[in-house]
Participant: 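The structure's right below; bear with me while I get my questions together.
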Amino acid sequence: MKVLLLDRNHVLLENGLKNLGFEVDSDYDSSKEEIIKKISNYDGIIIRSRIPVDSEFLNAAVKLKFIGRVGAGLENIDLKVAAKNGIQTFNAPEGNRDSVGEHAVGMLLMLVHRLRIADAEVKNGIWRREKNRGDELMGKTIGIIGYGNMGKAFSRRLKGFGANVICYDIRAGKGDDNAVQVSWEEFMDRSEIISLHTPQTTETIGLVDKELINSMKNPFYLINTARGKSVVTKDLAEGLKSGKILGAALDVHEYEKKSFENLDLSQLPEDFRFLIESENVILTPHIAGWTHQSKQKLAEVILSKVADWKKLHNIAEQSGM
């Protein structure tokens, strides 16, 4: 069977696929249109985010049996068409959850203790102790929306801070020793810090909007290491101006490119420019899950899932299924 690699990943993934008996090709530069012309030759593809695997792509991939996405989300794949065409999909949230959990904690501490601001001021000869008085996490109620791999990794790291951690998830029974699952109403009533750990779906696009912000009982800090389109930038800016939102730490952004490779400042609206200029906002370029260690772990997870799929596929072929 032939596999096509469409994004650069850790070398162990390509070597591992070859060791599993796959013939492996790579194409990291061709356009979607060029890839579609040859995709019918391949049984599997390994992707990140460069090319959207939509219905046009999938219907041209007549031999395709599996897609491995080296990342957590699957929103760049038309999952309904993939399922209809009998194509198995794999992702790897286990591979970068530790990186995301650490990054979220780091951004939160920078925000509540004003570390970025204080650092910049001291380096410019400014010594402001009272203005840079911070907030402790001890005793704060931190609300996590989405309690899967990423949310759980974040909550584990909060355990030693003495915070009260609650979570909301559309699935029941997700709470554990690190976070108490609560109703949406209780979540809105108690949370003083909100951290998003949700996939991009029709339900989560625009999740943090004017209605949610104004419905919160307490002024709150917002952390988003999930997907940029979950937060309405215009409403976030208004919340910061009104004081309803005390500060925001965003690793993902509503206006970032689908490939996650660029943010064109010249094309950004005024609301995002406000975030750039705000001292209460911390921005990073979609790197929460982007460590040296996660690069290897993501590749290992996908390789393991492909290996398991291949075993089952071989068994099915041998049994004549």
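Everything numeric here is computed off the predicted structure, so don't read it as measured data.
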Participant: Working to the nearest 0.5 angstrom, can you tell me the gap between T291 OG1 and K297 NZ?
Facilitator: 6.0 Å
Participant: I'd like to know if the side chain of K152 and the backbone of N178 have a donor-acceptor N/O pair within less than 3.5 Å.
Facilitator: no
Participant: Quick check for you: to the nearest 0.5 Å, what is the distance between E94 atom CD and N149 atom CG?
Facilitator: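 So the gap between those two atoms works out to 5.5 Å.
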Participant: What's the spacing between H253 NE2 and T284 OG1 if we round to 0.5 Å?
Facilitator: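 Here the interatomic distance stands at 5.5 Å.
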Participant: Just by distance, do the side chain of E254 and the backbone of S230 share a donor-acceptor pair under 3.5 Å?
Facilitator: no
Participant: Which atoms form the tightest heavy-atom contact between I51 and S30, and what is the distance?
Facilitator: CD1-O, 4.1 Å
Participant: Between M1 and V24, is there a shared hydrophobic cluster once you connect ILVMFWY residues whose side-chain heavy atoms come closer than 4.5 Å?
Facilitator: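 They do share one cluster, since a chain of ILVMFWY contacts under 4.5 Å joins M1 to V24.
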Participant: Assess whether a salt bridge exists between K32 and E56, defined as any Lys/Arg side-chain N lying under 4.0 Å from an Asp/Glu carboxylate O.
Facilitator: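 Looking at E56 together with K32, the answer is yes, because their closest N to O distance falls below 4.0 Å.
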Participant: If only atom types and distance count, is the side chain of E102 paired as donor or acceptor with the main-chain N or O of S99 below 3.5 Å?
Facilitator: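 No; judged by distance alone, with no hydrogens or angles, the pair does not exist.
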Participant: Is it the case that one hydrophobic cluster holds both W290 and V252, taking links as side-chain heavy atoms less than 4.5 Å apart, direct or via other members?
Facilitator: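 No, W290 and V252 fall in different hydrophobic clusters.
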Participant: Taking L240 as the starting point, is it possible to reach I282 by hopping between hydrophobic residues whose side chains are less than 4.5 Å apart?
Facilitator: no
Participant: So which pairs with a foot in residues 162-188 pass ring pair (Phe, Tyr, Trp, His ring centres under 6.0 Å), sequence neighbours left out?
Facilitator: Y168-W184, W184-F187
Participant: Count the heavy atoms of every other residue, nucleotide or ligand shown that sit under 6.0 Å from CD1 of I170, and state whether that count exceeds 12.
Facilitator: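 Count not over threshold, so no.
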Participant: When you look at D25 and V3, which way does the side chain to side chain contact (heavy atoms under 4.5 Å, CB included) test go after all the steps?
Facilitator: CA-CA 6 Å; D25 295 333; V3 175; over 6 Å; no
Participant: Could you tell me if the side chain of L137 sits less than 4.5 Å from the side chain of V112, heavy atoms only?
Facilitator: yes
Participant: Using atom types as modelled and distance alone, determine if a side-chain donor or acceptor of N91 lies under 3.5 Å from a backbone N or O of L74.
Facilitator: no
Participant: Does the pair E192/K140 count as a salt bridge with the N-to-O cut at 4.0 Å?
Facilitator: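 A salt bridge is absent here (no side-chain N lies under 4.0 Å from a carboxylate O).
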Participant: How long is the straight-line distance from CG of L196 back to CG of D251, given to the nearest 0.5 Å?
Facilitator: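 The CG atom of L196 is 12.0 Å from CG of D251, to the nearest 0.5 Å.
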Participant: Is there a donor-acceptor contact under 3.5 Å linking the side chains of N280 and Y221?
Facilitator: no
Participant: Check for me, please, whether I47 and V81 land in the same ILVMFWY cluster - side-chain distances under 4.5 Å, paths through other members count.
Facilitator: yes
Participant: Can you tell me if T204 uses its side chain to pair, donor with acceptor, with the backbone of P199 under 3.5 Å?
Facilitator: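 Indeed, once roles are kept as given, a pair shorter than 3.5 Å links the two residues.
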Participant: How far does NZ of K65 sit from CD of Q88, to the nearest 0.5 angstrom?
Facilitator: 13.0 Å
Participant: To check you understand the geometry: which heavy-atom pair defines the closest contact between A179 and S155, and what is its length?
Facilitator: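 Between these two residues, the closest heavy atoms are CB-CB, 4.4 Å.
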Participant: Does a side-chain heavy-atom distance below 4.5 Å link Y255 with P269?
Facilitator: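 They are in contact (side-chain heavy atoms under 4.5 Å apart), so the answer is yes.
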Participant: I'd like to know if the side chain of R50 reaches the main chain of L6, judged simply by a donor and an acceptor atom lying under 3.5 Å from each other, with no hydrogens or angles considered.
Facilitator: yes
Participant: One pair to check against side chain to side chain contact (heavy atoms under 4.5 Å, CB included): L13 and V70. What are the steps and the verdict?
Facilitator: CA-CA 10 Å; L13 183 52; V70 187; 3.9 Å; yes
Participant: Is it true that atom NZ of K63 has more than 12 heavy atoms of other residues, nucleotides or ligands lying nearer than 6.0 Å?
Facilitator: yes
Participant: Can you check side chain to side chain contact (heavy atoms under 4.5 Å, CB included) on L108 and I142, steps first, answer last?
Facilitator: CA-CA 11 Å; L108 177 56; I142 301 176; 4.3 Å; yes
Participant: Check whether S304 reaches the backbone of E300 with its side chain - one donor and one acceptor, N or O, closer than 3.5 Å.
Facilitator: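 The answer is no, because no donor-acceptor pair under 3.5 Å joins these two groups.
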Participant: Under 3.5 Å, side chain of Q181 to main-chain N/O of R171, donor-acceptor pair present?
Facilitator: yes
Participant: Checking T141 side chain against S191 main chain: does a donor-acceptor pair fall under 3.5 Å?
Facilitator: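 No; judged by distance alone, with no hydrogens or angles, the pair does not exist.
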Participant: Of all the heavy-atom pairs spanning T198 and A226, show the shortest one and how long it is.
Facilitator: O-CB, 3.3 Å
Participant: Less than 4.5 Å apart, any side-chain heavy atom of L79 and any of T89?
Facilitator: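 Answer yes - side chains close enough.
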Participant: Determine, stepwise, if the pair V53 / D78 fulfils side chain to side chain contact (heavy atoms under 4.5 Å, CB included).
Facilitator: CA-CA 6 Å; V53 183; D78 190 324; over 6 Å; no
Participant: Taking C-beta and beyond as the side chain, do L4 and I39 meet within less than 4.5 Å on heavy atoms?
Facilitator: yes
Participant: Can you see whether F274 has K241 sitting over its ring - NZ or CZ less than 6.0 Å from the centre and within 45° of the normal?
Facilitator: yes
Participant: Begin with the C-alpha distance, continue with both residues' side-chain angles, and end with the deciding distance and a verdict on salt bridge (charged side-chain N to carboxylate O under 4.0 Å, His left out) for D135 and R114.
Facilitator: CA-CA 9 Å; D135 268 334; R114 298 175 62 87; over 6 Å; no
Participant: Between I166 and I144, is there a side-chain heavy-atom distance shorter than 4.5 Å?
Facilitator: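 No - every pair of side-chain heavy atoms lies 4.5 Å or more apart.
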Participant: How close do A92 and L298 get, heavy atom to heavy atom, and via which atoms?
Facilitator: O-CD2, 3.2 Å
Participant: Under 4.5 Å between any side-chain heavy atoms of N9 and I302, yes or no?
Facilitator: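 Sidechains of I302 and N9: no contact.
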Participant: Any side-chain heavy atom of V180 sitting closer than 4.5 Å to one from C167?
Facilitator: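 SC-SC contact between V180 and C167 ruled out.
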Participant: Is any side-chain heavy atom of E238 closer than 4.5 Å to a side-chain heavy atom of K210?
Facilitator: no
Participant: Let me know which of D235, I145, I194, V231 forms a side-chain contact (heavy atoms from CB on, under 4.5 Å) with V208.
Facilitator: V231
Participant: Starting from L20, can I reach F90 by hopping between I/L/V/M/F/W/Y residues whose side chains sit under 4.5 Å apart?
Facilitator: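 Yes; L20 is reachable from F90 via cluster members.
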Participant: Are K18 and E23 ion-paired here, with the side-chain N under 4.0 Å from a carboxylate O?
Facilitator: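 Looking at E23 together with K18, the answer is no, because their closest N to O distance does not fall below 4.0 Å.
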Participant: Assess whether a salt bridge exists between R227 and E75, defined as any Lys/Arg side-chain N lying under 4.0 Å from an Asp/Glu carboxylate O.
Facilitator: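 E75 and R227: salt-bridged.
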Participant: Between D189 (side chain only) and E185 (backbone N and O only), is there a donor and an acceptor less than 3.5 Å apart?
Facilitator: no
Participant: Between D27 and K38, does any NZ, NE, NH1 or NH2 come within less than 4.0 Å of an OD or OE carboxylate oxygen?
Facilitator: yes
Participant: What pair of heavy atoms forms the shortest contact from D169 to G148, and how long is it?
Facilitator: OD2-N, 4.3 Å
Participant: Could you report the tightest heavy-atom contact between I87 and L64, atom names first, then the distance?
Facilitator: CG1-O, 3.4 Å
Participant: Is it true that F66 and F22 have ring centroids separated by less than 6.0 Å?
Facilitator: yes
Participant: For residues 190-212, pull every pair meeting ring pair (Phe, Tyr, Trp, His ring centres under 6.0 Å), keeping only residues two or more places apart or in separate chains.
Facilitator: F154-H197
Participant: Quick test of your reading of the model: are D271 and K234 salt-bridged, counting only N-O distances below 4.0 Å?
Facilitator: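 Salt bridge between D271 and K234, a charged N being under 4.0 Å from a carboxylate O: no.
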Participant: Between CD of Q296 and CG of L303, what distance do you get to the nearest 0.5 Å?
Facilitator: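 Going from CD on Q296 over to CG on L303, the span is 11.0 Å.
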Participant: Provide the full list of ring pair (Phe, Tyr, Trp, His ring centres under 6.0 Å) pairs with a residue in residues 108-149, sequence neighbours left out, each pair given once.
Facilitator: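 Sorted result for residues 108-149: empty, none.
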Participant: Answer yes or no on whether K2 is positioned over the face of Y42, meaning its NZ or CZ is under 6.0 Å from the six-membered ring centre and within 45° of the axis.
Facilitator: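 That pair qualifies as a cation-pi contact.
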Participant: Could you go through R69 and S49, starting from their C-alpha distance and side-chain angles, then the distance that decides it, and tell me whether this counts as side-chain hydrogen bond (donor to acceptor under 3.5 Å, both in side chains)?
Facilitator: CA-CA 8 Å; R69 179 164 190 271; S49 305; 2.7 Å; yes
